[in-house]
Amino acid sequence: MALLEKIRQRKKILAIVIGAALLAFIIEVGIEALGRQASNSTAVKVGSEKIDIMTFQKRVEQEAAQDQNQNRQVDAATRQQQVLEEMINETLLKQEYEKVGIYVSDNEISELMIGKNAAPAVVQFAQQVGAETPAQLYEFITNPAKMGAQESQVIELRQEWNKLKENLTQQIKFNKLQTLLAGAIQANDLDRAQMTEDEATTTSINFVKKDFASLADDKYPVSDAEIKAEWNKLKPMFRLEEETRRVHYIAVNIAPSQADIAAAAKVADEAWAALQKGTGIDSVRILGKVNIDTVKNPIDKFSGAVKEFAASATVGATKRDEPVNNRYKMYKLIGKSVSLDSINISMVVVPGDKKTQDSALAMLNGGKTPDEVAKAIKGAQAQEDLWQQIASAPDSTKNKIANAGSNYFVLFAGDQGAQLLKVNEKKAPKTFYTVATISYEAYASTKTSEDLRDKFQAFLNKNKTVANFEKNAAQAGYNAAEAMITPSTPQLGMNPYTRQGIKDSRKAIKWAFDNKKGTVSPIFSDNNDVLLAVAVDDVYDTEFIGADVKEVKEMLTTRVRNSKKGDDLMKQFQGKAKDLAGYASIMGAKVDTTQVVFAQDMIAKIEGEPGLVGRVAAAQQGKLVGPWKGQNGVYVFQVVKQEKEQRVPTKEELDNRYAQSRGAALVANPSAIYGILSKATKVKKSLINFY
């Protein structure tokens with residue numbers, strides 16, 4: 001029953017414990033599924049296996065609840081895409097485990113869950129819910145009657161235990177797959193010898209170059225036939241994993257007008273005037289318009305403007321910041337007080353009547369340790385060497401602690417139990433400052449929002465074609481931004497580095513895939529801060545993106561043109577000089593120097609020319625090499641010095657480098673494994689159909 005009491009008292013922290021203890025395979029998710037197609041309920045198909053939209057929805061709801069519990073604010077479509085990818089990866093892994101025969105035996109998982117060397121996550125979980133060992137917790141949830149509990153009392157714990165077991169099982173399987181891959185790609189003696197040779201020599205070269213960019217593009221025309229031929233050579237580069245569409249979109253921020261800003265300034269002025277009255281903030285609070293945040297802290301817990309203000313202010317003093325982006329802030333020092341900050345304590349919580357409480361107190365002050373008392377009195381709990389902040393405790397509590405001697409005393413007591421405390425150490429009293437921060441931000445009024453919408457709608461009414469939508473946007477004060485989107489794009493305007501874009505823009509993306517090339521959307525206002533409209537420029541729904549697509553055509557044109565420039569320069573320079581100085585003169589360039597290591601693709605001062613590395617490695621010292629046509633220019637070089645590394649790397653060092661550059665670390669990490677499996681298995685995503 002003692003275990004049952006502990007679990008009852010600690011039940012509220014279960015969700016936090018599980019979340020912190022596990023390396024989960026599930027990333028935060030969320031979805032707003034608006035419907036299902038009558039003929040198909042598949043959210044995604046991985047090989048021959050289908051993930052039903054309801055299965056997906058259930059998973060999403062579970063994750064959304066965790067999101068809410070942890071106060072995470074994440075765009076719903078972004079979370080939805082993350083969970084979809086997670087479920088795809090889980091399915092790919094499951095299929096691979098079955099193919100290669102990876103499994104976890106009962107003995108393996110049993111050892112990790114209840115064995116002597118149980119997994120740290122399991123040990124932590126057991127301790128947090130009040131059990132001494134995982135085995136004790138397992139006995140409790142599988143045989144509750146023996147422990148004096150009812151079946152209904154262990155259902156939640158059993159679910160958490162099974163969830164923990166499943167996650168550990170998946171981790172073991174994944175580790176086995178990683179080990180299998182890593183073991184299959186190991187350096188042999190030939191690899192080590194090659195790496196030693198490749199890394200042993202540093203070659204210094206002198207060189208001159210003529211960049212293709214220095215030649216005028218218009219002198220080297222490129223035909224559509226040449227572009228198509230180059231496209232055919234590089235065709236695998238242009239494979240489309242999903243249908244892709246080019247769109248332009250206009251996002252109108254619902255920002256406060258000048259009238260709104262003036263109104264906000266008036267509210268801030270009213271709050272500032274009210275803040276001057278007395279030493280409190282009731283005069284401000286009664287306004288009911290501004291945000292008030294009151295904090296009591298020692299000075300070192302404050303930061304920035306608040307810390308600077310509190311450190312020098314007297315009680316009742318006020319300070320007002322200059323507004324930033326129409327956000328107003330002001331402060332008031334409400335009070336100062338000297339109080340104990342933190343204490344180190346030993347504590348025993350004793351259930352039972354006063355007789356039991358007095359017995360426990362006598363044992364503690366008679367020399368018994370808290371653990372000994374906890375074992376002697378049924379249901380008691382003990383903690384030692386515990387630091388506690390007490391600045392915010394009631395004055396009556398702080399007074400008891402401040403006047404405490406070296407013995408245990410009754411901090412709180414009632415008919416059902418008592419909290420017995422001994423103060424081991426008190427940190428010196430500190431001065432605490434109570435500071436109120438008053439803030440107010442200008443916002444767009446209803447009139448402003450309606451005016452912005454009316455203006456935007458008038459623009460769309462006059463510009464119903466894609467061409468006009470894009471051509472006339474700037475004149476109307478709008479920015480028509482371009483984007484390439486797929487059904488998996490969660491937000492318009494996503495920054496490639498932050499992965500953040502326009503929140504709640506998924507419906508606009510869905511509309512773009514439901515409508516034809518050349519159409520312009522109505523206004524979307526799912527994001528309360530943005531009005532959004534989309535125009536569909538083009539649709540790419542073939543296996544490969546074509547050579548006529550703007551970005552592809554530009555890239556191919558540059559490649560073909562550079563090749564023509566290179567051929568022209570080779571004709572001009574070939575055999576026209578006998579040394580670097582001569583080539584520098586006819587190229588209009590300077591002789592420069594750099595170093596080359598064969599094991600490295602990059603050469604300092606010569607970017608984007610990995611093909612030059614091999615030529616340098618094969619060159620004889622002192623011999624002039626070139627002209628040579630690269631991807632970005634024509635080069636002539638001469639090896640002037642080769643330096644051999646005297647120290648021979650150890651076998652362990654070579655094995656580690658091999659793993660990092662071409663072995664286990666490169667292919668056995670999660671991202672690489674998912675990438676390999678996804679390319680080997682056809683994945684068809686259909687989630688966009690359910691918006």
Side-chain angles (χ1 to χ4, degrees), residues 194-195 197-234 237 496 547 550-645 661:
Q194 179 188 345
M195 291 175 64
E197 179 64 24
D198 291 347
E199 298 174 5
T201 304
T202 299
T203 303
S204 297
I205 66 169
N206 291 337
F207 70 94
V208 292
K209 64 176 179 177
K210 180 69 173 180
D211 289 329
F212 296 150
S214 65
L215 303 182
D217 289 348
D218 57 7
K219 292 184 179 181
Y220 301 90
V222 178
S223 68
D224 289 343
E226 289 171 321
I227 292 172
K228 183 64 176 178
E230 189 72 10
W231 183 89
N232 283 323
K233 285 168 53 179
L234 304 173
M237 290 177 55
K550 184 176 67 173
E551 291 83 0
V552 176
K553 187 173 184 178
E554 289 175 353
M555 185 269 283
L556 294 174
T557 299
T558 299
R559 286 180 61 91
V560 174
R561 181 178 287 123
N562 279 350
S563 182
K564 288 186 174 186
K565 290 179 178 180
D567 292 340
D568 190 18
L569 291 175
M570 290 293 287
K571 290 177 183 178
Q572 293 180 41
F573 302 146
Q574 190 74 50
K576 297 298 176 65
K578 295 182 179 181
D579 54 26
L580 285 176
Y583 277 110
S585 177
I586 62 176
M587 287 182 175
K590 294 182 179 179
V591 178
D592 205 345
T593 185
T594 190
Q595 292 183 323
V596 180
V597 178
F598 186 69
Q600 301 173 359
D601 288 339
M602 301 300 294
I603 304 176
K605 302 181 183 179
I606 304 176
E607 297 180 2
E609 298 290 1
L612 192 59
V613 175
R615 285 169 172 79
V616 171
Q620 296 179 15
Q621 185 168 334
K623 184 177 179 180
L624 193 69
V625 180
W628 171 73
K629 185 180 80 170
Q631 296 182 25
N632 303 295
V634 167
Y635 304 84
V636 183
F637 69 89
Q638 187 176 39
V639 174
V640 294
K641 183 173 59 175
Q642 288 185 328
E643 296 178 300
K644 288 280 188 179
E645 176 66 46
S661 61

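Computed from a prediction, not measured in an experiment: that's the story for all the values here.
- Checked by atom type and distance alone, the side chain of Asn206 never pairs as donor or acceptor with a backbone atom of Leu580 at under 3.5 Å.
- Summarising the geometry of Val591 relative to Ala584, their closest heavy-atom pair is CG2-CB, 4.0 Å, with the distance given to 0.1 Å.
- Atom OG1 of Thr203 is separated from atom NZ of Lys644 by 8.5 Å, given to the nearest 0.5 angstrom.
- Looking only at distances, no side-chain donor or acceptor of Gln595 sits under 3.5 Å from a matching main-chain atom of Ser204.
- Here the shortest heavy-atom pairing between Val634 and Pro627 reads CG1-CB, 3.6 Å.
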| message | Evaluate Gln638 against Tyr583 for side chain to side chain contact (heavy atoms under 4.5 Å, CB included), listing each step before the verdict. | response | CA-CA 12 Å; Gln638 187 176 39; Tyr583 277 110; over 6 Å; no
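- Atom NZ of Lys641 and atom CD of Gln621 lie 9.5 Å apart (nearest 0.5 Å).
- The number of heavy atoms from other shown groups lying within 6.0 Å of CD (Gln620) does not exceed 12.
- What you find for Gly626 and Val636 is that their closest heavy atoms are C-CG2, 4.3 Å.
- The salt bridge (charged side-chain N to carboxylate O under 4.0 Å, His left out) pairs that include a residue from residues 212-232 are Asp217-Lys565, Asp224-Lys553, Glu226-Lys564, Glu230-Lys233, Glu230-Arg559, where partners are two or more places apart or lie in different chains.
- Residues Phe637 and Leu612 are in side-chain contact: their nearest non-hydrogen atoms beyond the backbone lie under 4.5 Å apart.
- Smallest separation of non-hydrogen atoms from Val613 and Val597: CG1-O, 4.1 Å.
- Shortest non-hydrogen contact noted between Val625 and Ala619 is CG2-CB, 3.9 Å.
- To the nearest 0.5 Å, the span separating CG on Asn562 from CZ on Phe212 amounts to 5.5 Å.
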Going by atom type alone, with no hydrogens or angles, which donor-acceptor pairs under 3.5 Å involve a side-chain atom of residues 567-577 and a protein atom two or more places apart or on another chain?
from, atom 1, to, atom 2, distance (Å)
Asp567, OD1, Lys629, NZ, 2.8
Asp568, OD2, Tyr220, OH, 2.5
Lys576, NZ, Gln572, O, 3.2

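- The line from CG of Leu624 to CG of Asp579 is 7.5 Å long, rounded to the nearest 0.5 Å.
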| task | Starting from the C-alpha separation in whole Å, work towards a yes-or-no answer on side chain to side chain contact (heavy atoms under 4.5 Å, CB included) for Glu607 and Asn632. | result | CA-CA 8 Å; Glu607 297 180 2; Asn632 303 295; 6.0 Å; no
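- Looking at Lys605, its side chain does come within 3.5 Å of a backbone N or O of Thr593 through a donor-acceptor pair.
- A distance of 6.0 Å separates CG of Leu234 from CE of Met555, quoted to the nearest 0.5 Å.
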